[in-house]
Amino acid sequence: MNLVDPEGLEPYYELSLNRKYQSTFDSFRNMWLRLHQKSSIGRYIGVKVDPTWVSFKKFIEDMGERPVGNTLDRIDGSKGYCKENCRWADIYQQAANRKGTVFVSDGEEVLPFKVMCKKYNLPYGTIHHRFRCGWDIDEAFSTPVVWGNNYTHQRQSPGKFSIHRNEYD
């Protein structure tokens with residue numbers, strides 16, 4: 001897919017007044033704003049757009065309507081905006097797709113750090129603090145969390161925890 005530099009392109013806003021497509025149009029407009037606003041230009045240097053996506057009509061043909069609770073996400077953040085590299089994603093998928101996201105393996109699956117804490121009903125702040133203070137990741141997840149004098153949150157460790165970094169860090 002040949003992508004074009006968005007510099008100087010003005011998207012064609014047909015269908016924008018149709019309320020049925022308002023949330024989808026908002027995502028389309030925000031994509032273009034990200035590429036043209038001075039406050040975000042440094043983060044989007046070299047990001048290109050499918051030339052047919054100048055037209056909102058073509059964008060909606062390729063992407064379909066935006067599902068409730070989702071926004072436009074580039075699957076590979078180092079590539080541009082095109083049908084093959086974009087999807088509708090919820091905030092959890094987008095957070096996991098961010099550069100610098102830390103993933104943790106529990107021997108069964110690899111999940112973003114925060115999601116792994118949620119899976120085991122552990123307080124993210126405590127586990128994250130332990131890890132940032134130099135605790136081994138397995139020790140940080142496996143050591144019981146104590147609240148006050150009376151309550152200890154204990155769990156059985158499913159196996160060795162390990163850290164994985166986002167693949168394009």
**OP:** Taking only Lys NZ, Arg NE, NH1 and NH2, and the carboxylate oxygens of Asp or Glu, determine whether D106 and K119 approach each other closer than 4.0 Å.
**Re:** yes
**OP:** Working to the nearest 0.5 Å, report the span between SG of C117 and NE2 of H128.
**Re:** 9.0 Å
**OP:** Please work out which of the three classes, parallel, tilted or perpendicular, describes the rings of F113 and F131, given edges at 30° and 60°.
**Re:** tilted
Original post:
How about W53 and M31: do any of their side-chain heavy atoms sit closer than 4.5 Å?
Top reply: yes
**OP:** Looking only at non-hydrogen atoms, find the nearest pair between K79 and N85 and report the distance.
**Re:** CB-ND2, 3.4 Å
Original post:
side-chain contact (heavy atoms from CB on, under 4.5 Å) between D90 and T71: does it pass, once the steps are laid out?
Top reply: CA-CA 6 Å; D90 62 28; T71 56; over 6 Å; no
Original post:
If Ile, Leu, Val, Met, Phe, Trp and Tyr residues are connected whenever their side-chain heavy atoms lie under 4.5 Å apart, and connections chain through other members, are W135 and V102 in the same group?
Top reply: no
Subject >> Steps toward side-chain contact (heavy atoms from CB on, under 4.5 Å) verdict (L122, V145) >> reply: CA-CA 8 Å; L122 294 168; V145 177; 4.2 Å; yes
**OP:** Going by the side-chain contact (heavy atoms from CB on, under 4.5 Å) test, name the single residue among K114, M116, H129 that passes it with Y124.
**Re:** K114
Subject >> Modelled atom types, side-chain donor and acceptor of Q22 and D26, under 3.5 Å >> reply: yes
Subject >> T101 side chain to R98 backbone, donor-acceptor under 3.5 Å >> reply: yes
Subject >> CD on Q94 to CG on N70, rounded to 0.5 Å >> reply: 8.0 Å
Original post:
Which of parallel (below 30°), tilted (30 to 60°) and perpendicular (above 60°) describes W88 and F59?
Top reply: perpendicular
Original post:
Below 4.5 Å, heavy atoms only, C-beta onward: do N30 and L72 meet side chain to side chain?
Top reply: no
Original post:
Is there a side-chain contact between L111 and F103 (heavy atoms, below 4.5 Å)?
Top reply: no
Subject >> Side-chain (R130) to main-chain (A140) donor-acceptor, under 3.5 angstrom >> reply: yes
Original post:
How close do G80 and V47 get, heavy atom to heavy atom, and via which atoms?
Top reply: CA-CG1, 4.1 Å
Original post:
Angle class for the F28/F25 ring planes (parallel below 30°, perpendicular above 60°, tilted otherwise)?
Top reply: tilted
Original post:
Just by modelled atom types, is the R66 backbone N or O under 3.5 Å from a matching donor or acceptor in the T24 side chain?
Top reply: yes
Subject >> N/O donor-acceptor pair under 3.5 Å between N97 side chain and I75 backbone >> reply: yes
**OP:** Search all heavy atoms of R74 against all heavy atoms of C86 and return the closest pair with its distance.
**Re:** CG-SG, 4.1 Å
**OP:** With rounding to the nearest 0.5 Å, note down the distance linking OG1 in T52 to NZ in K57.
**Re:** 13.0 Å
Subject >> Exercise: identify the closest heavy-atom pair between Y81 and R34 >> reply: OH-NE, 3.1 Å
**OP:** Report whether W32 and Y21 are members of the same hydrophobic cluster (ILVMFWY, side-chain heavy atoms less than 4.5 Å apart, transitive linking).
**Re:** yes
Subject >> Approximate separation, where rounding is to 0.5 Å, of D50 CG and M63 CE >> reply: 11.0 Å
